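Source: prediction; values computed, not measured.
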Amino acid sequence: MKMRAAVLEEFGQPLAVQEVELAEPRAGEALVRLVACGVCHTDLYTASGADPSGYAPTVLGHEGAGVVERVGADVTSLSPGDHVVTLFSPQCGECIHCLDPRTNLCLAIREQQNEGFLPDGTTRIARDGEGIRHFMGCSTFAEYTVMPEIALAKIDPEAPLEHACLFACGLSTGLGAAINTAVVTPGSTCAVFGAGMVGLGAVAGCRLQGAERIVCVDLSLERLELARGQGATDVIRGGEGAVEQILEMTDGFGVDYSFEATGNVAVMRQAVEAARMAWGLCTVVGVAGKGETLDIVPRLLITGRRLAGSSFGGVKGRDQVPLLIERYLAGEIHVEPFISHHLSLDEVNRGFELMEAQDGIRSVIDLG
Ligand SMILES: NC(=O)c1ccc[n+]([C@@H]2O[C@H](COP(=O)([O-])OP(=O)(O)OC[C@H]3O[C@@H](n4cnc5c(N)ncnc54)[C@H](O)[C@@H]3O)[C@@H](O)[C@H]2O)c1
Ligand SMILES: [Zn+2]
Ligand SMILES: [Zn+2]
């Protein structure tokens with residue numbers, strides 16, 4: 001079939017929205033009609049050419065939500081009409097990691113996905129007979145996509161898809177960092193560095209876990225206001241003095257749980273330093289630049305601080321994204337404030353411009 005899609009032709013150049021061909025789903029795959037897709041930093045990171053593992057041409061986008069249109073052979077858990085959220089982090093349910101409650105890092109299709117192919121090592125997208133690679137196994141800046149069954153989370157059809165799409169990446173990442181990775185305890189104190197989509201999700205996750213005090217740190221006053229709306233009890237302007245301020249607010253000890261959601265290694269260090277001696281846990285979520293390293297004084301660890309990292313918030317996508325969607329439908333998670341702009345597919349490059357200008361938290365592309 002023919003469809004419109006935003007193709008990254010050349011790094012550093014605007015995406016080109018055009019007609020491409022999409023093949024039918026093969027065994028274990030589903031064809032999804034996309035309804036909405038968020039614009040995330042990772043799309044921009046790849047488009048810019050900064051990502052050393054990037055490839056082109058490819059159809060970008062990975063924060064998608066839509067409706068299953070057709071399924072290939074051997075697909076048992078999805079049917080036409082099902083509402084789904086796309087998962088760049090799949091859940092096969094059978095690999096050694098899927099079987100272990102400690103991680104969400106499914107091993108099933110990593111290699112092929114990293115290369116831009118579906119699990120059988122081929123692509124479903126083409127133009128003039130030339131294959132175009134899939135991005136993060138998703139390629140959701142398009143009217144349709146073909147994805148593996150194990151990378152689609154079936155959700156409650158009551159959930160508006162223009163909100164549900166945010167659970168495909170940033171929001172679940174932040175929520176999950178607090179709920180799954182740190183497992184924040186009721187009555188605890190928390191500090192979240194960064195109030196973008198991920199940090200705000202972590203603030204919301206701390207609130208859902210029953211944290212008593214949630215300090216959010218960012219450079220933008222506007223974003224700190226949004227953090228209050230998600231449950232931050234205190235807000236601090238980021239920069240040199242942020243750690244001292246957090247220590248002052250916590251009788252000199254620091255917080256039980258700190259989170260880093262900026263991608264800046266100097267801020268990661270601050271997040272470790274803001275964690276309490278004896279048991280403070282720092283969870284790093286931000287993605288640092290290539291080759292950058294984290295510099296911390298080992299004594300901070302010897303005296304009981306712990307450091308963890310979190311990919312997609314430790315969320316096992318097929319099982320847990322639907323549960324997060326249920327909490328959203330129950331009114332526990334406020335998605336509307338994150339969406340600052342609605343764009344058409346043709347305006348996808350505007351989404352990147354808005355992101356670079358830090359105008360709003362998320363632009364959502366309406367594809368329906
Ligand atoms: N681990 C994962 O699975 C995963 C998934 C998605 C995104 N990420 C990463 O999470 C990070 C955050 O993503 P985002 O979409 O929220 O980005 P974002 O750019 O919207 O938010 C980052 C925020 O950090 C703030 N900031 C910058 N410098 C600061 C400082 N010195 N002190 C305090 N705040 C500061 C910015 O003002 C901004 O609000 C990125 O590095 C992204 O790549 C990780
Ligand atoms: Zn993303
Ligand atoms: Zn697996």
- [ ] Name all residues meeting the side-chain contact (heavy atoms from CB on, under 4.5 Å) criterion together with Ser310; count only those two or more places apart in sequence or in a different chain, and write none if there are none.
- [x] Ala177, Thr181, Thr283, Val285

Task: Charged tip of Arg133 within 45° of Tyr55 ring normal and under 6.0 Å - done: yes

TODO: Find out whether the Lys NZ or Arg CZ of Arg276 is both under 6.0 angstrom from the six-membered ring centre of Phe253 and within 45° of the ring's axis.
DONE: yes

Task: Listed partners of Asp295 passing salt bridge (Lys or Arg N to Asp or Glu O under 4.0 Å), at least two apart - done: Arg269

- [ ] Check Thr123 against Gly131 and note the closest heavy-atom contact, atom names and distance.
- [x] CG2-CA, 3.9 Å

TODO: Measure the acute angle between the ring planes of His163 and Tyr328, then classify it against the limits of 30° and 60° as parallel, tilted or perpendicular.
DONE: perpendicular

Task: Salt-bridge criterion met for Asp218 and Arg223 (N-O under 4.0 Å) - done: no

Open item on the list: Between Glu9 and Arg127, does any NZ, NE, NH1 or NH2 come within less than 4.0 Å of an OD or OE carboxylate oxygen?
Closed with: yes

- [ ] Mind listing the closest non-hydrogen atom pair of Lys2 and Glu19 along with its distance?
- [x] CD-OE1, 2.9 Å

Task: Non-hydrogen atoms of Ala36 and Glu162 that approach each other most closely - done: CB-CA, 3.5 Å

Task: Residues Arg70, Glu24: salt bridge by 4.0 Å N-O rule - done: yes

Task: Distance in Å, Asp51 CG paired with Leu44 CG, rounded so as to fall on 0.5 Å steps - done: 11.5 Å

Task: Presence of salt bridge, Arg207 and Glu332, under 4.0 angstrom - done: no

- [ ] Dump the intermediate steps for salt bridge (charged side-chain N to carboxylate O under 4.0 Å, His left out) on Glu273 and Arg305, then the final yes or no.
- [x] CA-CA 9 Å; Glu273 291 170 353; Arg305 290 167 196 82; over 6 Å; no

TODO: May I ask you to check whether Phe312 and Phe88 place their ring centers less than 6.0 Å from one another?
DONE: yes

